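What you see is a predicted model, and the numbers here were worked out from it, not measured in a lab.
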Amino acid sequence: MISTRLTAALLILLLLPANVGAQGRPFQLEGLSGGSLTPADFDQGVVIVVVWASWSPHCRNIDSRVAAIAQRWGSQAEIVMVNFQEDRSDVEAFLGGKSSPVPVYLDTTGAFSKQYSVTNLPGLLIFKDGTVAFSGKLSRDPDSIISQTLG
């Protein structure tokens with residue numbers, strides 16, 4: 001019979017990969033228009049990532065919301081969109097042939113979103129020189145969060 005301590009230790013070991021060292025795990029997200037997004041893209045400067053899904057009612061106008069972020073912050077940061085767990089065809093249909101104001105990457109397995117603990121859609125991640133400086137919900141007015149984070 002397995003002791004309570006051993007059971008607890010095994011549970012901790014099972015949970016560690018999902019929570020410890022998340023920023024160090026490799027990933028490569030395919031771009032909707034080509035290219036890919038990898039951890040190296042976050043190593044220098046500021047990168048603003050908006051995580052979204054077409055099935056979320058809070059993401060219906062995500063293209064215009066991200067366009068506003070790109071217009072306001074595009075000179076100070078790289079801005080990208082990461083789609084959460086949808087097929088390329090679903091993403092293309094949702095965007096309806098519109099050209100996105102920023103690159104769109106596909107997190108088809110959800111591994112990227114899980115790695116960075118994205119729990120709300122749309123989600124907002126802000127990286128500064130390879131480190132997550134903000135992780136949370138994309139608010140209706142993200143400028144104050146972005147401004148405070150970029151300081």
Side-chain angles (χ1 to χ4, degrees), residues 2 5-70 73-74 77-95 100-151:
I2 298 177
R5 283 187 185 176
L6 182 56
T7 302
L10 287 173
L11 284 173
I12 289 170
L13 288 174
L14 287 172
L15 294 175
L16 271 178
N19 297 315
V20 175
Q23 294 177 4
R25 280 191 256 144
F27 62 84
Q28 183 170 351
L29 303 181
E30 178 185 357
L32 196 60
S33 299
S36 62
L37 184 69
T38 68
D41 294 310
F42 302 140
D43 284 348
Q44 294 182 346
V46 177
V47 181
I48 298 171
V49 180
V50 175
V51 182
W52 64 283
S54 66
W55 47 261
S56 170
H58 302 290
C59 296
R60 296 288 181 229
N61 63 343
I62 198 66
D63 53 338
S64 61
R65 292 175 69 188
V66 172
I69 293 170
W73 299 100
E78 181 180 348
I79 295 114
V80 301
M81 295 171 63
V82 171
N83 177 268
F84 177 70
Q85 287 190 314
E86 293 184 280
D87 293 330
R88 171 184 288 276
S89 59
D90 294 334
V91 175
E92 289 172 337
F94 176 79
L95 294 174
S100 173
V102 301
V104 177
Y105 297 96
L106 305 172
D107 183 16
T108 56
T109 65
F112 172 86
S113 301
K114 182 177 180 180
Q115 179 172 329
Y116 292 104
S117 302
V118 176
T119 57
N120 292 298
L121 292 179
L124 177 65
L125 295 167
I126 302 174
F127 294 85
K128 288 174 73 175
D129 297 324
T131 301
V132 177
F134 178 85
S135 176
K137 183 179 178 181
L138 176 66
S139 66
R140 291 274 174 216
D141 181 23
D143 286 343
S144 62
I145 291 170
I146 296 170
S147 179
Q148 289 173 5
T149 304
L150 298 184

Side chains of Phe94 and Ile62 in contact at under 4.5 Å (non-hydrogen atoms)
yes
Residues forming a side chain to side chain donor-acceptor pair (under 3.5 Å) with Ser113, sequence neighbours excluded
Asp107
Is the CD atom of Gln44 crowded by more than 12 outside heavy atoms at less than 6.0 Å?
no
Atom CG of Leu95 and atom CG of Asp90: how far apart are they, to the nearest 0.5 Å?
11.0 Å
Can you find a pair of side-chain heavy atoms, one from Val91 and one from Leu106, that are under 4.5 Å apart?
yes
Determine the minimum heavy-atom distance between Ala53 and Cys59, stating which atoms define it.
O-CB, 3.2 Å
How about His58 and Leu121: do any of their side-chain heavy atoms sit closer than 4.5 Å?
no
I would like to know whether Leu32 and Ser100 meet side-chain contact (heavy atoms from CB on, under 4.5 Å); could you show each step before the answer?
CA-CA 10 Å; Leu32 196 60; Ser100 173; over 6 Å; no
Could you name each residue pair satisfying salt bridge (charged side-chain N to carboxylate O under 4.0 Å, His left out) that touches residues 27-36, not counting sequence neighbours?
Glu30-Arg88
Answer yes or no: is there a donor N or O on one side and an acceptor on the other, between the side chain of Thr131 and the main chain of Ala133, under 3.5 Å?
no
Quick one, Leu138 and Ile69 - any side-chain contact, counting heavy atoms below 4.5 Å?
yes
What I'd like to find out is whether the side chain of Thr149 reaches to under 4.5 Å of the side chain of Val46, using heavy atoms alone.
no
With rounding to the nearest 0.5 angstrom, report the OG1 to CG distance, Thr108 to Asn83.
9.0 Å
Arg65 and side chain to side chain contact (heavy atoms under 4.5 Å, CB included): which partner among Met81, Arg60, Arg140?
Arg140
Got Phe27 and Thr109 here, is their nearest side-chain heavy-atom distance under 4.5 Å?
no
Minimum side-chain heavy-atom gap Val118-Phe84 below 4.5 Å:
no
Ring centroid separation Tyr116 to Phe127 under 6.0 Å
yes
I need the Ile146 CD1 to Ser139 OG distance, nearest 0.5 Å.
8.0 Å
Going through the checks in order, is the side-chain contact (heavy atoms from CB on, under 4.5 Å) test met by Val47 and Asp41?
CA-CA 8 Å; Val47 181; Asp41 294 310; 5.7 Å; no
Gln148 vs Phe134 side-chain heavy atoms within contact, under 4.5 Å
no
Nearest-0.5 Å distance, CG of residue Leu37 to OH of residue Tyr105:
5.5 Å
So which atom in Gln28 and which in Ser36 form the shortest heavy-atom distance, rounded to 0.1 Å?
NE2-OG, 3.3 Å
Gap separating the CD1 atom of Ile48 from the CD atom of Glu78, nearest 0.5 angstrom
10.0 Å
Going by the angle between their ring planes, with limits at 30° and 60°, are Phe42 and Phe112 parallel, tilted or perpendicular?
tilted
Considering non-hydrogen atoms only, spot the tightest contact between Ser135 and Ser117 and give its length.
OG-O, 4.3 Å
Any sub-3.5 Å donor-acceptor pair from Asp129's side-chain atoms to Gly45's backbone N or O?
yes
